[in-house]
Amino acid sequence: MEPAVSIALLPEVILALAGCALLLVGGERRRTPAAPVAVLALAAVMVAGVAVVVTGRPDASPGPIAGGMLVIDGLATFFRLLVLTVSALILVMAVGPLGRGGGGGAELAAMVLFADLGAFLAASAAHFASLFVGIELVTMAVIVLVACAPGGGRANDRALKIFVPNAALSAVMLYGVSLVYGAVGSLELAAVRLHLEVLAHVNSMVVLGVVLIACGLFFKVAAVPFHLWLPAVVGDAPARVSAFVAVVPTIAGLACLVRLSSGAFSPVTGQWWVVMWIASAAAMIFGSVAALVQDRVKWMLADLWIAHAGYALMGVAAGTDAGTRAVLVQAAVAGLVFPGAFGMVALLESRERSEIRISDLSRFRSGGAPAVVGIVVFAGALAGIPLTAGFVGRWFLWAAALEAGLVWLVVLSLVATVVGFACCARVVVPVIVFDSRPEDASGAAMARDGWTVAAVTLCGLAIVVVGLWPVPLVEWAVGAIGRV
Amino acid sequence: MTPPAGRGAEPVDFSALIWIVVISPLAGAGVNGIVARRSGVAQRTRRFLALVGPGAAAAAGWALALSWWIADPGKTVRVFDLGRWISGVELPTAAGDLMRLEIAMSCRLDGLSAMMVALVVTLGILVHLFAVGFEKQERDEDRSRLFANQNLLLAGSLAVVLAGNLPTLLVGWELTAVASFLLIVSDHRSARGAAAGTRMLIVSRIGAAGLLLAIAIAAFNFGTLELEGLRRALLADLSGDASGAAVAIGLLVVLVGVIGSAQLPFHVWLTESVHTPVSASAMIVSVATVAAGVQVMLRFAFVMEANAAIALAVATVGGATFVFAAMVALVQLDIRKLIGHVAVAQLGLALLGIAAGAKWSAVFLVVLYALCLTSLVLGSGVVVRSCAGARDLRRMGGLSEVAPVSFWSMFAAAVVLAGVPPLGGFVAANGILARIFDAGIVDRGAFGGMCFLLWGFGLLGSALAAVGLARLVFMVFFGRFRGDEEPASCPAETVPAVVFGVAAPALAALFGGAIVGLSGGAGAGTGIEWTLTAMTALVVVAGIGAAARIYVLDSGLVRAEYLARRLPTTRRILLAGLWIDDLYRLTLVRGAIWAAARLDDFDARVVDGFVCGARHTIVGISWLSAIFDRLALDALVRWLGDGFGTAGRTLQRSQVVYVQGFVVVMVIGAAVLLGIAFAANV
Amino acid sequence: MEQAVPILFYCLAVVTIAGGIGVLVSRKPARVALSLLVVLTGVTALLLLRSAVALALGQIIVGAAAVGLCMAVGKRSPTGVSSFVHGFAPVAVVVGLAFGAIVAIGAIFGVQAPGQGDGTALTTVNGDPTGNVVAVVRELFTAFLLPLSVVLLTLFAATIGARRMVLGPAEEPRGEGEVEV
Amino acid sequence: MDTQFGWLLNLVCFLPLVGALLMLVFVGRRDVVAIRRTTVAVAAADLALAIPLWFLYRPDGVEFQFVTRFDWIASLGVQVFLGADGFAVLLILLTALVGLIAAISSFAIVAHRHKEFCAFLLMLQTGAIGVFSSLDLILFFTFFEILLVPAYFLIGIWGGSRRLFAAGKFLLVHLAGSAFFLLGILGLYFFNADGLAAVGLAGLGNEPAFSLPQLYSVAAVIPTRLQLWVFIAFFLGLAVRIPLVPLHTWMPDALVEAPMAATVMLAAVGVNIGVFGVVRVAMPLLPHATAAAVGWVGALALIGIVYGALVAMAQKDMKRLVITMIVSHMGLAVLGLLTFQEPGLSGAMLQLLNHGVSAGALLLLIGMVEQRRETRLIGEFGGLARIMPLLATFFLIAVLSAIGMPAFSGFVSRFLILIGVFGYSKLWALTALGGLVIGAACMIWMYQRVFFGEVTSERNEVLEDLDRRERWLVLPLLVVILWIGLAPQPFLDRLQPTVDRVVERMNVAVGQTPEADIRELTVTTPDGDDPSPGGS
Amino acid sequence: MIGATHFLVLSLILLCLGLMGMMMRRSFIAVLASMQLAVSAAVLNFAAYGFRLSDLQGQTLAVVVLAAGAVQTVLGLGLAVGFVRLKEASEDDAAGRPRS
């Protein structure tokens, strides 16, 4: 048995301590001087990042640590850093709002850290216990985040929309775990894999367990039809919260799916493949089509996010190393694109106006060429135009899926991509003006929030750089899964 | 392919001459079109520049022809490459090997082309001389463009005449077509001219397409594009079992010739082209048709010799056109249109002769035709100007005193062309008719009974043509003037240049024809031939007599009007040109436009509909999903609200989606996934 | 004892299911809570039947807390009235049954669980006679230390979060140039 | 691979982009004069740099010249691999020339946002030149796509009244097509990566996987079934761009709505990309599939020839008429390609150049008319020949070239294509000729209605003829028209290596079945069969 | 002999009841109770299989799961009270409150 405590748990410890500290510091006073909140949270994320890099073992297939609960392999490190990056970006965007004080800022920042902690566990799980607990922690933190986010009574409302379905689906997933446990007699992922490989044929209990677990994870990655909560929550919440709510649980869920797909459940090829195929196809098509007529930008982004999750599932469905690599790349790309896109939306939001419609995007014109270029870059990346990161992500997915023979899935995804193009073209239209005057010429220009602008700029640059020079990212992804 | 023979000891540098012949009108076109149109250029300079091209061409052309006739005793066929155009493209042929397409601008000098070059350059310079003098009176600034286009036409015609291979022929043909088009539309204001020009150019597209197809067949099936090589190949082919390819080439070149010489059913372009300035009209009528039509026919006359079917087709077309055009000429009231129809008729006769094998007579007729028509067209210009622009024959009459030069010239030309024995026209027509009749008697196999019909056509046509020409001269020059304003003597009448244009060709035709006719007419010997000759002479004289009776003796045209009243239908039909033009308009033109409009609709509705339809479908699905959300949501809220006992309370129509609905859908989804997974398991 | 197990099982199963149905159909929150109590009691007994003493203890603690909280809150619940007959009930029943049927088809008829334990190993784990509770606790604090601590952390966070929710969501700051127009 | 002067090609390719970016950064948006000067300077420099390519290119072998290559995404074998053959050199020259002319012509029509307009125009130029000079499939595809972005904005921002609709349609149809193109690339990639080993050839190892020359060398062993799938994918992508009936409907909308400079650029250069893709990618890589698909593609091309001409005849708008005719012209080019023989291929490639210059000139002139009169409706005009004789003359030259009159460029290509097509199929040749006659009739009729007859509208009486700038704008195109028409041999010489390459590949396909086909390979077929090194 | 299968049947019934409750109860308290029901089902399973396998992992995980269930309950109650507070804050029922 491994020692339960390891130096490799340093990032988790840092996050946990920082989270607790934030909760305690910010707990009582309703008007915290909250600039330190953001700084503290950011610092925690940074330090955790350093710790991840220091303690992460880039070499493939290291042994489990923490009593067999975690395995800090390349995959884990990849997802950990990704989650931290996303969190950092969103925290930077949130410096402004948090810095303006108001109650709950500390809780919000703490929940970001807790969600990261959960994602850490989920991404490096070597045991169903840590997987379940980690993914639940992500969800719980997100629920609190949503519930505590500004927005009056609607915040509770939104939280409820995650809470109830999550209760049902996590129970279902847990039931699936219990079935798998019953069928193979172990909860350790490696042992599960060994048992399943030994089994002469996959019995229906295993299938049940696997599919139920998949359903639970689909809820987290918002695959159709488990996606319903996502647009309802993301479309409605403040943009910065939306970004976090959309991106982090999905990345955690994807990490779990990848881990199970290439590890524990790799012997269950047929059923796993079918389920992933359907979820992927449904998510891609639904997401793109639903986004097409969305007039509300955040809802549209939410729908597109569903489509992106669907693309990523294509890599999971492929089930090969190339597929895994593609999922990693796609996750990284989406993790850069969506925070940036939500950040752009955040620049338009104000207390009076939280619902941003496509025509409102014309307000970006007040930001001059950089804003316009930004919108074009993000729209291009969302659409997957070459030379942006969006294309890189999809390229690897297509390649992997084709290699695995999923031709029709690729064709469907191409259709979805084209439909997605249409959405993105719609987004660009009011910004590039085409002479349509903004409805409220007197109305608000975009907010001048330096932190948000900085984060968005960073995202945009990263998108372009990855689009032009994807080699480091790809190399990293290749290294992360150890093979290929 | 340049035959190696004679390269070394060339007495005259033919190729240089050919260069000059072809290039000088082109250069003339360029100079007139670009330089002379500049505003600073003096009128005198412009006139000079107009003459440079045709003059040089005439000099070089005659030098070429003469030196070929004189300096080259062997009379060998010579081919000159004026420059590579395309080379090195390999084309697989029907024989299975590769043919290297080496396409040069190739010129072929032989008896036919030498003579035709001489003819064309002569007409060219004469017309230009006339034009310079004639147009001098008008002081129109835009004449340089006209000259440029005329030069272009000359160049094109020379290219056709000299062409040594099919591509060169095509280039020349097209150049002629474009120049004719430009000449026809040269009065930009005239909608009618524009329509005629458009029609002409479109019709010429058909000819060009035919020629292009012929080139393709020649290259693919016979592996050569040289006229000489092709001739050998075609003859070899046609004399044996005629292959489809050879016949196709024959039919296609014949089609080109028919279009170029404005035969039925393509004659309209020529008869409608007469609304141009006279010099342009003369170029078109006497140069363009000769080159683009007759020359093509003559070049490929061997096809008709070798294949009776093609010959018969051409002969039929020619004969029919002869009669038709001559008949239409009888009722034309516009002097220029009358001349146009006369031209078409004479070309028909020439084609009939070529097809029937009376090549010599036909060539002779064509030379006469070109000269006489030049005279007639240019003379008509003088006449019309004398009448202050009126072109209606009924408003003329008695102009012989006002325009004596024109009168005598046109009179001579008409006499020659109408076939008054023993002049050239008679000799030629007689020769052709006799040849046809001969053919019918001697070798019935070729034409069979059709010969006699064709001969009948020819005879009838001769009579009608004689009437038409006589009508022209009588109505214009004889009797008394019927117009309103007194005719004024046109200053152009006396300008030497004009005299050249109008009188010189007529005289040339008169004397040349007379000489040849008197000397050549003696060849005939048998009784039948004498009978035929007599019959031809008889009908011609009878025709002229009839015309004289109607138009000369009755200057008031009472008789003519009486005839017109008596035969209103006939007159209407003839005036409408057998409605051939209308037929085109109603079928082809309307049909094309109709089809285009329908296809446009189809394109916009159906084809585009599919593209847009796909888009609409996706957007529609998207809307539906959105609407479904909303409807389902509303229904759900209302439904649950009733159960909740809150009926009557206003329920907010917001995006509050009932959370438990999520759970239901998700559980259903899980169940479906489970079911599918099990199904996949089985 | 061995003979008593089936009888006990069936009795407890009936009680548990009845409690579950009670949760499903009870109109008043208090009754819901009571039904839940019945279910949890039944489950606890069933757990004991499977030698899961520690688990049963945990169930009792958590269950009691949960029921208590439910009752405490349920008294104040403004929407405590529920109705069975309207709304989603038919849909939910059909969907739930269908789901159950599919799971049952797969699981009940395809069950091939390994092992044939009798529970003795669970009461004396690894020869340690200290019993199930000690064993589970040791397990919890060795191998499962990380999940446990994380869950407890989550509990902490959730408590703070719940408190924040009870207090009301984050107040919007008052103007102060939040958005530069 | 000849790497000499590779830097020059790079420079030609990327100079407009760099210029555009520099201009975006350094030139003030209100300083219209500076913007224009910069644009013209960049475009002129690009042309000046491109002209030496004409002389430096040695048409003595099928090897690509001016090659530069370096790794881009090494792990995938994607390279920045530029190079050109004669065909590409000619198209690059055309692009540079038309680009300069379009840039200058835009000054008169663009009323707002000059900076962006000029930048987009320059980017479009880089996109097109990039497509023509890419030797790596991914790079090719990247340029292929990137081209759409400036085009979309050019149409969408500066277009006519229905610009948004047109731009959206343009973008989506193109993207849908290129999505399939991408699928084809992926299919080839997997053959290249895995299939080769299965055929018994040495696998690629670390060789670049998308290099076109490398793919050419293995094209013969690509199994026919895979070829067919990939061909269908490529075809869908390219047919949209060509555009072949029935995928052409984006074009009348997009190009009519586009501002004239963009229309000129897209019509003269943009549509060539489709056919270029066929020559560069589809035919040499997939000879068997191309040979198998000749009937279908040829039928579409033939329909396009006749259909485009007839539909054009019904148009009331000059610009739309000319643009609809493109369907016909491009159909002819495709038909020429399908003969797999030298005349047809040379003719088809030359047709692209001819089309570029003649359509470019026509559209430019129409733009000049539109600018004076603010309408393009044929019915509004009449008798312009008297008022604007120079315009009428220039227009006539362009029309005559477009309908294939000898001495003008259009004739050469038509001549060669028809000779080639005739050897291939008599019926095709006849139909194509019929279509050409209809097309000619349509153009001539349009010319007649616009330029001849009485001047019907008083507003037309006062129109001014071309001024000096406009004259010099159009003249270069007319010079090229005449040059190609009179002396096509230099062009044909430069096309010969490309032609040879295609003919060589196609001979393999038409002449014999490839080795791999006999072995019944099922390597990386799209159905995902197990790769099995086929026996026998 | 009572085996894992019997427990499986029972737990399945409990799971279904729990899910049904979550789907159809409009009382938020009932939803929370149903959630407990569903969690109990999994707990039962873990115990039954652990018994059969003589393995402690399942039981231990079940303890953790119980804690997680507690977390959910706490959150759920927090939400519920939040709604109550909202209700008290404004009697306007139309503010988008779900009918829980």
Side-chain angles (χ1 to χ4, degrees), chain B residues 33 37 83-94 101 142 145 167 170-172 174-175 177-178 181-182 185 188-191 193-195 197-198 201-202 205-206 208-210 212-213 215-217 219-220 592-593 595-604 607-608 610-612 614-615, chain D residues 169 172-173 245-250 252 307 310-315 341-343 346 383 385-386 389 392-393 400 403-407 411-412 414-416 418-423 429-430 433-434 436-438 440-442 444-445 447-448 451-455 486-489 492-493 496:
Chain B
R37 296 186 70 197
R84 271 303 108 138
W85 188 57
I86 290 174
S87 71
V89 180
E90 284 178 353
L91 171 74
T93 63
L101 273 184
D142 215 19
R145 187 162 51 85
L170 175 59
V171 170
E174 292 276 53
L175 207 53
V178 173
F181 163 76
L182 291 172
V185 300
H188 294 323
R189 263 163 289 195
S190 156
T198 305
L201 200 55
I202 293 172
R205 297 301 74 226
I206 299 171
L212 207 49
L213 205 55
I215 291 176
I217 302 174
F220 183 68
I593 293 174
R598 293 292 82 71
L599 262 186
D600 189 37
D601 274 3
F602 177 78
D603 193 55
V607 183
D608 199 25
F610 276 115
V611 177
C612 290
R615 174 176 163 272
Chain D
K169 193 168 165 187
L172 286 183
V173 175
V245 172
L247 298 175
H248 65 283
T249 56
W250 61 269
Y307 185 88
L310 272 172
V311 172
M313 197 179 268
Q315 302 306 321
Q341 295 159 0
E342 284 195 13
S346 312
R386 186 169 60 80
T393 312
L400 291 181
I403 68 175
M405 210 39 104
F411 174 68
V412 187
R414 261 150 233 253
F415 178 79
L416 288 171
L418 279 171
I419 285 188
V421 170
F422 183 83
L430 273 174
L433 270 173
L436 291 188
V437 170
I438 299 173
C442 162
I444 299 166
W445 191 39
Y447 190 81
Q448 177 211 325
F451 288 96
F452 295 144
E454 287 292 342
V455 179
L486 294 173
Q489 197 57 45
L492 291 175
D493 285 342
Q496 195 63 38

Legend entry - B/A195 portion near chain D, given a 4.5 angstrom heavy-atom threshold: both

Inset, instruction - Against chain B, label D/I438 side chain, backbone, both or neither, depending on which of its atoms sit under 4.5 Å from a heavy atom there. - result: neither

Legend entry - From CG (D/L416) to CD1 (B/I86), nearest 0.5 Å: 4.0 Å

Inset, instruction - Answer with side chain, backbone, both or neither: which region of B/F181 has an atom nearer than 4.5 Å to a non-hydrogen atom of chain D? - result: side chain

Inset, instruction - Supply the atom-to-atom distance B/I217 CD1 to D/I419 CD1, rounded to the nearest 0.5 angstrom. - result: 11.0 Å

Legend entry - Donor-acceptor contact below 3.5 Å, side chain B/E174 vs main chain B/A208: no

Inset, instruction - Measure the CD-CG distance between D/Q448 and B/L201 for me, rounded to the nearest 0.5 Å. - result: 10.5 Å

Legend entry - Side chain to side chain, D/H248 and B/D603, heavy atoms closer than 4.5 Å: yes

Inset, instruction - Identify which part of D/A385 has an atom lying under 4.5 Å from any heavy atom of chain B, answering side chain, backbone, both or neither. - result: both

Legend entry - Residue, of D/I444, D/I403, D/V455, that accumulates the most heavy atom pairs under 4.5 Å with chain B: D/I444

Inset, instruction - Identify which part of B/L91 has an atom lying under 4.5 Å from any heavy atom of chain D, answering side chain, backbone, both or neither. - result: both

Legend entry - Which of B/W85, B/F602, B/F220, B/F610 touches chain D most, by non-hydrogen pairs under 4.5 Å: B/W85

Legend entry - Greatest number of heavy atom pairs closer than 4.5 Å to chain D - which of B/V607, B/I202, B/T198: B/T198

Legend entry - Smallest separation among heavy atoms of D/T249 and D/K169, with atom names: O-NZ, 3.4 Å

Legend entry - Region of B/L101 in contact with chain D, defined by heavy-atom distances below 4.5 Å: side chain

Inset, instruction - Would you mind checking which part of B/L182 comes under 4.5 Å of any heavy atom in chain D, side chain (CB onward), backbone (N, CA, C, O), both or neither? - result: side chain

Legend entry - Atom pair CG (D/L433) and CG (B/L212), whose distance is rounded to the nearest 0.5 Å: 5.5 Å

Inset, instruction - Taking all heavy atoms of D/A429 and all of D/L418, pick out the closest pair and write down the distance. - result: O-CD2, 4.0 Å

Inset, instruction - Measure distances from D/V412 to the heavy atoms of chain B and classify the residue's part below 4.5 Å as side chain, backbone, both or neither. - result: both

Legend entry - Most contacts with chain B, counted as non-hydrogen pairs under 4.5 angstrom, among D/Q489, D/M313, D/R414, D/Q496: D/Q489

